[in-house]
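I'd like to ask you about the structure that follows.
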Amino acid sequence: MGRPNEEVEALLQEYADLVAISGGDAFKARAYEKAARSIGGHPTDVSTLDVKGLQEIPNVGKSIAEKVVEYLSTGRVTALEETRASIPAGVRALLTIPTLGPRKAMTLYEELQVSSVEQLLDAVHEQRLRDLKGFGEKTEANILHGIALMQKAGKRILISAAMDVADQVVADLSQVEGCEGCAYAGSLRRMQETIGDIDVLVAADASGPFMEAFSSLPYAAEVVASGRKKTSIRTTKGLQVDLRVLPPDAWGGGLLYFTGSKAHNIRIREMAIRQGYKLSEYGLFHAKSGRKAVSATEEEIYAKLGLPWIPPTLREDRGEIAAALKGELPEVIQEEDVRGDLHTHTDLTDGLAPLEDMITAAAARGYAYYAVTDHAPNLYMQRMTDQKILAQREQVRALDGKHRKMRLLHGTELNIGPEGDLDWPDDFLAGFDLCVASVHSHFNQTRDELTRRLIRACENPHVAIIGHPTARQIGKRPGIDADFDEVFAACARTGTALEINSHPQRLDLCDEDILRAKRYGVKFAVSTDAHSVTHLPYMRYGVGTAQRGWLTKDDVINTWPLQRLRRFLAGPRT
DNA sequence: GCCGTTTTCGGCCCGACTGTTTTCAGTCG
């Protein structure tokens, strides 16, 4: 699931952007955007559907359905190709700069012939934007700031995009005859929030068949390097994947070495030297004789060095080796420990799937409980009303019990206003099983204002969880500049949990903030913020991030049995 | 371009903020 849907989503989004840039009907652009989002979040593989079936998907009509079928059968869409021809790809890339939308991008292209981020930088530095209508000094500064933010993210991609490719490569190479093991390593195995390139390892006696299969994968656009031990490809999406084939008896050494991090590897290599060994990607060897000590598994290598196996998400040289030596390595949370999702949406607001579909999908994940938390009225664009949310509550109550083992919680995601104010008065909030409260706007208040604002939300007796606490979006927007030490202290004092938002674009809190917050004694909720059934599996990224923050089951309220969770949700929060 | 109907075309998420302009266009959530 997912692959063709995501391709089609990207295609329709591109068309929407091009329509907007070329000054086409704004509603047409929005129609394509809506269709893109619907297809991206649709549970059925679109490549199995015909024109009629496609039209069953909300926001997909005849015209878009036909374009999708054209794409799936020929790999191209004539209308899109024609639009592409009139607007260079670089112009569309300008849209990724925050504060630059389609209108300004078009002006830049038409007036200054700017058709790439580099050309835009040049134009700014040559002060050529100043003469354009609607552009001023501030606009220039915002553009420079936006470009700097993008360049900082560099060529790294979101973990979800890397994971999709890695899962596919591992699945494909595992089919090759003679495969005794296949796994991804590197920063992806350590669940870093962004990924540069993907390392895949195969255990096998002969490397040839794997290198050949790897080079001829359908999504391999280019073979960058090809040898006996290592082959590198670039995928059709421009992502580099390295394959290394190891002898099965050197699997552990290779996996350890290529998982990293570099700093962790240096530490354990130093330990090896002190104990008369030499550690390399081929395994652990006796320094004097050069004879192999162990290499088949990571566990054996760690054990020989006097260490327990260390989970990859902890291998960042943040004290994990010292903790391991003292027997104080945390037993980090696992995805199986999660009993429910505490932040999800439906099509009552900006989610894509109806309540029943979300619940059915959640039950299929084996959850013991599941919270529906649609947006509240102050996020005006969602048009929430008291009547709508109460009607939803009735529906939730009626559906509770339909899935034998899963209980339903009716909640909401409140908007934390500029003054720390919330959408509804306390007596109305008391009617919810669970309130998540999040910042959605006014990101540029002063540090004091932002801090007070978050603390006020924590102090509300009904707010149990602060959603995506820093409101950052990876590669797009930095987190808000609040004094989070103060916020963490307030959360600990009031018994308010901090969310670890599992959406790959957010991963908020991030690992370092989690480590800091944990020292205050705060509890956490690992939630997906799912807007479609296809987002529910994002839980793995939230759990990975929680692991990187050294969290155990006990730190995370949605691993707790329902009764204990309910007691926490009830407060007190004075 | 999609949708929903007042079945054939008009409405489409609304409000606020930013920066430029001096009344509003563009962008964002």
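Note on naming: letters A, B, ... go to the chains in the order of the sequence lines (proteins, then strands), and numbering restarts at 1 for each one. Note that these values count all heavy atoms, side chains included, but never hydrogens, waters or copies made by symmetry.
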Requested in this report: Scan every strand shown for a Watson-Crick or G-U wobble partner of B/dT8, both distances under 3.5 Å, and answer none if you come up empty.
Outcome: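 Its partner: none found.
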
Query raised in the report: Between B/dC3, B/dG1, B/dG19, which one does the side chain of A/Asn59 approach most closely?
Result: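 Nearest to the side chain of A/Asn59 among the choices is B/dC3.
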
**Report entry** Torsion-based syn/anti label for B/dT21, 90° from 0 as limit
**Finding:**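 This nucleotide is in anti.
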
Query raised in the report: What is the glycosidic conformation of B/dT18: syn, defined as within 90° of 0, or anti?
Result: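 Glycosidic conformation of B/dT18: anti.
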
Requested in this report: When you get a sec, tell me which of B/dT20, B/dC2, B/dG29 is the closest nucleotide to the side chain of A/His440?
Outcome: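 The nucleotide sitting nearest to the side chain is B/dG29.
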
Query raised in the report: Atom OG1 in A/Thr346, atom CD in A/Gln392: separation rounded to 0.5 Å?
Result: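 CD of A/Gln392 is found 5.0 Å from OG1 of A/Thr346.
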
Requested in this report: Please state whether the phosphate of B/dG19, meaning OP1 or OP2, lies under 4.0 angstrom from any side-chain nitrogen or oxygen of A/Asn142.
Outcome: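 For B/dG19, OP1 or OP2 has a side-chain N or O of A/Asn142 closer than 4.0 Å.
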
Provide a list of protein-nucleic acid N or O atom pairs under 3.5 angstrom, restricted to nucleotides 23-27 of chain B.
residue, atom, partner, partner atom, Å
B/dT27, OP1, A/Gly101, N, 2.5
B/dT27, OP1, A/Gly101, O, 3.1
B/dT27, OP1, A/Lys104, N, 3.2
B/dT27, OP2, A/Arg103, N, 3.2
B/dT27, O5', A/Gly101, N, 3.4

**Report entry** Within residues 120-136 of chain A: residues closer than 4.0 Å to DNA chain B (heavy atoms)
**Finding:**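 Going residue by residue through residues 120-136 of chain A, the ones with a heavy atom under 4.0 Å of DNA chain B turn out to be A/Gly134, A/Phe135, A/Gly136.
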
Check the interface with nucleotides 5-13 of chain B: list each N/O to N/O pair with the protein under 3.5 Å, or write none.
residue, atom, partner, partner atom, Å
B/dC13, OP1, A/Arg30, NH2, 2.5
B/dC13, O3', A/Arg383, NE, 3.3
B/dC13, O3', A/Arg383, NH2, 3.2
B/dC13, O2, A/Met381, O, 2.6

Requested in this report: Could you tell me whether the phosphate oxygens of B/dC28, OP1 or OP2, come under 4.0 Å of any side-chain nitrogen or oxygen in A/Arg477?
Outcome: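 It does not, given that no N or O in the side chain of A/Arg477 lies less than 4.0 Å from OP1 or OP2 of B/dC28.
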
**Report entry** Most 5' of A/Leu379 and A/Lys67 on DNA chain B, judged by nearest nucleotide
**Finding:**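 In this pair, the answer is A/Lys67.
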
